[in-house]
Participant: 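Can you keep this structure in mind? I'll have questions shortly.
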Amino acid sequence: MVLSKTASQTDVSVHSTFASRYVRNSLPRFKMPEDSIPKEAAYQIINDELMLDGNPRLNLASFVTTWMEPECDKLIMDAVNKNYVDMDEYPVTTELQNRCVNMIAHLFNAPLGDSETAVGVGTVGSSEAIMLAGLAFKRKWQNKRKAEGKPYDKPNIVTGANVQVCWEKFARYFEVELKEVKLREGYYVMDPANAVEMVDENTICVAAILGSTLNGEFEDVKLLNDLLVEKNKETGWDTPIHVDAASGGFIAPFLYPELEWDFRLPLVKSINVSGHKYGLVYAGIGWVIWRSKEDLPEELIFHINYLGADQPTFTLNFSKGSSQVIAQYYQLIRLGCEGYRNVMENCHENAMVLKRGLEKTGRFNIVSKDEGVPLVAFSLKDNKRHDEFEIAEILRRFGWIVPAYTMPADAQHITVLRVVIREDFSRTLAERLVMDIEKVLHELDTLPAKQAMAEEDHGKNGTAKKTATETQREITAYWKKFVSERKTNKNKIC
């Protein structure tokens with residue numbers, strides 16, 4: 001199966017120790033049970049399994065908010081049964097969404113008149129927001145090409161190779177060629193000059209990233225805009241810019257207010273931002289804002305009336321909960337500019353604490369920048385004996401979830417670890433993480449190199465030459481076995 005994968009195929013039943021107080025029969029794992037069970041048993045069975053999930057607050061891989069105030073939690077639960085799409089039945093919820101759109105549009109310096117309302121929509125995340133923005137660019141480009149009597153069947157979009165996978169999804173799902181600017185060692189974002197060189201008459205837009213997923217760095221949207229203005233003048237094209245501000249949209253206005261990346265730049269026609277990242281809302285909310293009504297083709301907007309009144313809608317899905325919209329409004333009015341600024345400054349300061357702690361070990365190169373999303377991306381100065389993947393694996397024993405990954409082309413030989421600093425990651429946790437990383441490094445120093453162990457095992461078995469992938473799997477398996485045996489021996493001695 002591609003979309004559904006199970007952890008175990010050996011046991012077809014689900015068992016629960018404490019739920020046996022209410023039910024003695026085990027439940028089928030992959031089929032609906034024939035009989036009902038008490039609510040207490042259902043809760044206990046599920047709760048027992050969920051205990052094996054990681055701790056969300058120690059999940060340093062994720063940008064997504066993992067803590068909100070109890071008052072907002074209550075608002076979320078009170079609205080959990082409201083279907084957002086029923087706008088006529090829940091007019092106040094719709095009004096709150098419209099207020100959020102306008103607040104965010106003003107935050108991004110949209111050129112709105114005193115009585116003019118912003119053009120935008122709430123989504124289930126930045127992925128849907130990017131799909132909608134991309135569709136608007138594609139349709140507007142197609143309409144112009146049709147009016148000029150030119151071919152309109154080969155649209156493309158220019159991005160950096162560091163874009164999030166949702167851009168690849170958009171390109172594949174909606175048949176748009178993705179032209180990626182390759183990265184290079186030491187420069188892990190899109191080069192504006194190279195991006196503009198790749199623009200042609202079929203380019204529907206250039207996508208700039210305000211806060212790269214890889215290292216948190218802001219791309220130079222101002223330079224991209226200036227270079228693209230010149231190219232448009234030379235060619236007669238009007239290639240626009242979309243800013244993917246999923247991570248940085250709620251950071252830059254408060255930490256770097258003078259940075260020009262938003263609607264202050266004339267070619268920026270739309271911006272997406274994740275409310276569930278540094279918008280400080282639980283997972284499930286994103287926003288896309290357009291510069292003006294002219295940038296969102298009217299034919300993409302549907303009008304329905306079977307829910308009680310005429311309702312315009314431009315979304316990929318239909319039904320969705322209202323809770324996250326309400327939660328976003330809560331955060332915007334609860335914190336205000338002052339509160340968001342305080343949160344972002346605190347996150348940045350904690351990122352610097354972590355960065356300095358890692359630098360003091362003398363073992364890491366810092367790949368992230370001080371200006372950008374508050375995260376620390378780092379790699380080993382010497383990974384010949386042990387690599388970043390081993391560090392990530394051992395850190396899980398301490399409860400930390402820290403991802404290790406390779407960079408995209410043409411910097412795929414670089415491997416990094418990344419720690420995202422969210423509101424609930426304190427200075428104390430940052431200092432503790434450094435201490436645990438030092439413990440991991442000390443433990444790795446006492447272990448033989450993975451490659452040496454694998455080669456030793458290979459020589460003993462005298463097996464045939466394996467592929468690079470097979471060799472890597474063998475190395476990892478051998479190393480895990482070695483660590484496991486070492487732990488067992490320690491326990492026996494104790």
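All values below were derived from every heavy atom in this structure, side-chain atoms included, with hydrogens, water molecules and symmetry-related copies excluded. The first residue in the sequence is number 1, and the count goes up from there.
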Participant: Identify the heavy atoms of M407 and V367 that sit nearest to each other, and give their distance.
Facilitator: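 Heavy-atom minimum between the residues: CE-CG1, 3.9 Å.
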Participant: For the residue pair M190 and Y187, what are the closest heavy atoms and their distance?
Facilitator: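 Looks like O-OH, 3.8 Å.
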Participant: Using distance only, find each side-chain donor-acceptor pair of residues 428-436 under 3.5 Å and give its atom names and separation, not counting sequence neighbours.
Facilitator:
from	atom 1	to	atom 2	distance (Å)
E431	OE2	R427	NE	3.3
D436	OD2	W400	NE1	2.7

Participant: How many angstroms lie between atom CG of L58 and atom CG of L395, to the nearest 0.5 angstrom?
Facilitator: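 Result: 11.0 Å between the selected atoms.
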Participant: Just so I know, are the side chains of W261 and N225 near enough to count as touching, which here means a heavy-atom distance under 4.5 Å?
Facilitator: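 Side-chain contact under 4.5 Å: no.
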Participant: Using a cut-off of 6.0 Å, state whether more than 12 heavy atoms not belonging to E71 lie near its atom CD.
Facilitator: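 It does: E71 CD has more than 12 such atoms within range.
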Participant: For I289 and F263, run side-chain contact (heavy atoms from CB on, under 4.5 Å): C-alpha distance rounded to whole Å, both residues' side-chain angles, the deciding distance at 0.1 Å, then the answer.
Facilitator: CA-CA 10 Å; I289 312 294; F263 292 120; 4.0 Å; yes
Participant: Is the NZ atom of K144 crowded by more than 12 outside heavy atoms at less than 6.0 Å?
Facilitator: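 Yes, enclosed.
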Participant: Contact between L316 and L135 at the side-chain level, heavy atoms closer than 4.5 Å - yes or no?
Facilitator: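 Result yes, sub-4.5 Å side-chain heavy-atom pair found.
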Participant: Within the side chain of N162, is there an N or O that forms a donor-acceptor pair under 3.5 Å with the backbone of V189?
Facilitator: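 Answer holds: no.
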Participant: State, with a plain yes or no, whether a side-chain heavy atom of D73 is found less than 4.5 Å away from one of Y282.
Facilitator: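 Sidechains of Y282 and D73: in contact.
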Participant: Using side chain to side chain donor-acceptor pair (under 3.5 Å) as the criterion, list what pairs up with S319, not counting sequence neighbours.
Facilitator: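 Counting only residues at least two positions away or on another chain, S319 forms a side chain to side chain donor-acceptor pair (under 3.5 Å) with N83.
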Participant: Within the 4.5 Å heavy-atom criterion, are L267 and V229 side-chain neighbours or not?
Facilitator: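 Yes; the side chains approach each other to less than 4.5 Å.
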Participant: From Q44 CD over to I46 CD1, what is the distance, rounded to the nearest 0.5 angstrom?
Facilitator: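 Q44 CD to I46 CD1: 10.5 Å, rounded to 0.5 Å.
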Participant: Is there a donor-acceptor pair under 3.5 Å between the side chain of R418 and the backbone N or O of A61?
Facilitator: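 At least one qualifying donor-acceptor pair exists.
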Participant: Give a yes or no answer on whether the side chain of Q97 reaches the backbone of G122 with a donor-acceptor pair at less than 3.5 Å.
Facilitator: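 Side chain of Q97 to backbone of G122: a pair is present.
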Participant: Step by step, would you call N194 with M198 a side-chain contact (heavy atoms from CB on, under 4.5 Å)?
Facilitator: CA-CA 7 Å; N194 291 344; M198 297 176 72; 5.5 Å; no
Participant: In terms of heavy-atom contacts, does NZ of K369 have more than 12 from other residues, nucleotides or ligands at under 6.0 Å?
Facilitator: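 No, NZ of K369 has 12 or fewer neighbouring heavy atoms, counting only those of other groups under 6.0 Å.
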Participant: Spell out, as yes or no, whether a donor-acceptor pair under 3.5 Å connects the side chain of T123 to the backbone of G286.
Facilitator: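 Indeed, once roles are kept as given, a pair shorter than 3.5 Å links the two residues.
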Participant: Using a cut-off of 6.0 Å, state whether more than 12 heavy atoms not belonging to Y256 lie near its atom OH.
Facilitator: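 Above 12, so yes.
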Participant: Hey, does the side chain of S274 reach the backbone of H276 with a donor-acceptor pair shorter than 3.5 angstrom?
Facilitator: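 Not a single qualifying donor-acceptor pair exists.
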Participant: State, with a plain yes or no, whether a side-chain heavy atom of N350 is found less than 4.5 Å away from one of P374.
Facilitator: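 Not touching, per the 4.5 Å side-chain cut-off.
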Participant: So, F108 versus W287, ring centres under 6.0 angstrom or not?
Facilitator: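 Here the rings of W287 and F108 have centres that are no less than 6.0 Å from each other.
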Participant: Using the salt bridge (charged side-chain N to carboxylate O under 4.0 Å, His left out) rule, collect all pairs that involve residues 255-269, keeping only residues at least two apart or in two chains.
Facilitator: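 The answer is D262-R264.
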Participant: Any non-hydrogen side-chain atom of S379 less than 4.5 Å from a side-chain atom of E388?
Facilitator: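 Result yes, sub-4.5 Å side-chain heavy-atom pair found.
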Participant: Do you know which two heavy atoms are closest between A208 and V221, and how far apart they sit?
Facilitator: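 Heavy atoms only, the tightest pair is CB-CG2, 4.0 Å.
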Participant: Only one of V124, V85, V121 clears side chain to side chain contact (heavy atoms under 4.5 Å, CB included) with T315; which?
Facilitator: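 When V124, V85, V121 are each tested with T315, the side chain to side chain contact (heavy atoms under 4.5 Å, CB included) holds only for V121.
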Participant: Quick one: salt bridge (charged side-chain N to carboxylate O under 4.0 Å, His left out) pairs with a partner in residues 278-297, sequence neighbours left out?
Facilitator: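 Residue pairs with at least one partner in residues 278-297: K140-D295.
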Participant: Taking atom CH2 of W67 and atom SG of C72, what is their separation to the nearest 0.5 Å?
Facilitator: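 Output value for this atom pair is 10.0 Å.
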Participant: Under the side-chain contact (heavy atoms from CB on, under 4.5 Å) rule, what do I401 and L60 come out as? Steps first, then yes or no, please.
Facilitator: CA-CA 6 Å; I401 302 173; L60 307 182; 5.9 Å; no
Participant: Verify, without hydrogens or angle tests, whether Y340 (side chain) and G279 (backbone) share a donor-acceptor contact under 3.5 angstrom.
Facilitator: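 Looks like yes, one N/O pair under 3.5 Å.
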Participant: Verify side-chain contact (heavy atoms from CB on, under 4.5 Å) between Y278 and V343, making sure each step is shown before the conclusion.
Facilitator: CA-CA 9 Å; Y278 289 93; V343 170; over 6 Å; no
Participant: Mind telling me whether W290 and F314 have parallel, tilted or perpendicular rings, with 30° and 60° as the class edges?
Facilitator: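 Taking W290 first and then F314, their aromatic rings sit tilted (interplane angle of 30° to 60°).
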Participant: E345 side chain to L255 main-chain N or O, any donor-acceptor pair under 3.5 Å?
Facilitator: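 No: the side chain of E345 does not pair with the backbone of L255.
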Participant: Test: ring pair (Phe, Tyr, Trp, His ring centres under 6.0 Å). Region: residues 113-136. Which pairs qualify, not counting sequence neighbours?
Facilitator: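 Found none.
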Participant: Might you work through the side-chain hydrogen bond (donor to acceptor under 3.5 Å, both in side chains) test for H242 and N272, ending with a clear yes or no?
Facilitator: CA-CA 8 Å; H242 174 85; N272 69 276; 2.7 Å; yes
Participant: Test your reading of the model: is there a side-chain donor-acceptor pair from K231 to the backbone of V196, 3.5 Å cut-off?
Facilitator: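 Yes; at least one donor-acceptor contact below 3.5 Å.
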Participant: Between E69 and R334 (salt bridge meaning N to carboxylate O under 4.0 Å), is one present in this structure?
Facilitator: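 Salt bridge between E69 and R334, a charged N being under 4.0 Å from a carboxylate O: yes.
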Participant: Keeping T65 on the side-chain end and K277 on the backbone end, is there a donor-acceptor pair under 3.5 Å?
Facilitator: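 Checked: pair present.
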Participant: State the OH-CD1 distance between Y329 and I285, to the nearest 0.5 angstrom.
Facilitator: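 Rounded to the nearest 0.5 Å, the OH-CD1 separation comes out at 14.5 Å.
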Participant: Is F378 close to V419 at the side-chain level, that is, under 4.5 Å between some pair of heavy atoms?
Facilitator: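 Heavy-atom side-chain distance check passes, below 4.5 Å.
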Participant: Closest approach of A392 and V402, non-hydrogen atoms and distance?
Facilitator: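 Looks like CB-O, 3.2 Å.
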Participant: Let me confirm one number: the CD1-CG distance from I104 to L332, rounded to the nearest 0.5 Å.
Facilitator: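 CG of L332 is found 6.0 Å from CD1 of I104.
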Participant: To the nearest 0.5 Å, what is the distance between CD1 on I414 and CG on L214?
Facilitator: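 Spacing of CD1 (I414) from CG (L214) equals 12.0 Å.
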Participant: Output yes when a side-chain donor or acceptor of D387 lies under 3.5 Å from a complementary backbone atom of E390, and no otherwise.
Facilitator: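 Yes, D387 side chain to E390 backbone: donor-acceptor pair under 3.5 Å.
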Participant: Would you be so kind as to tabulate the donor-acceptor pairs closer than 3.5 Å made by side chains of residues 163-178, with sequence neighbours excluded?
Facilitator:
from	atom 1	to	atom 2	distance (Å)
Q164	OE1	C166	N	2.9
W167	NE1	D244	OD2	3.0

Participant: Is there a side-chain contact between I157 and F137 in this structure, where contact means two heavy atoms from C-beta onward sitting under 4.5 Å apart?
Facilitator: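 Of all side-chain heavy-atom pairs linking F137 with I157, none is under 4.5 Å.
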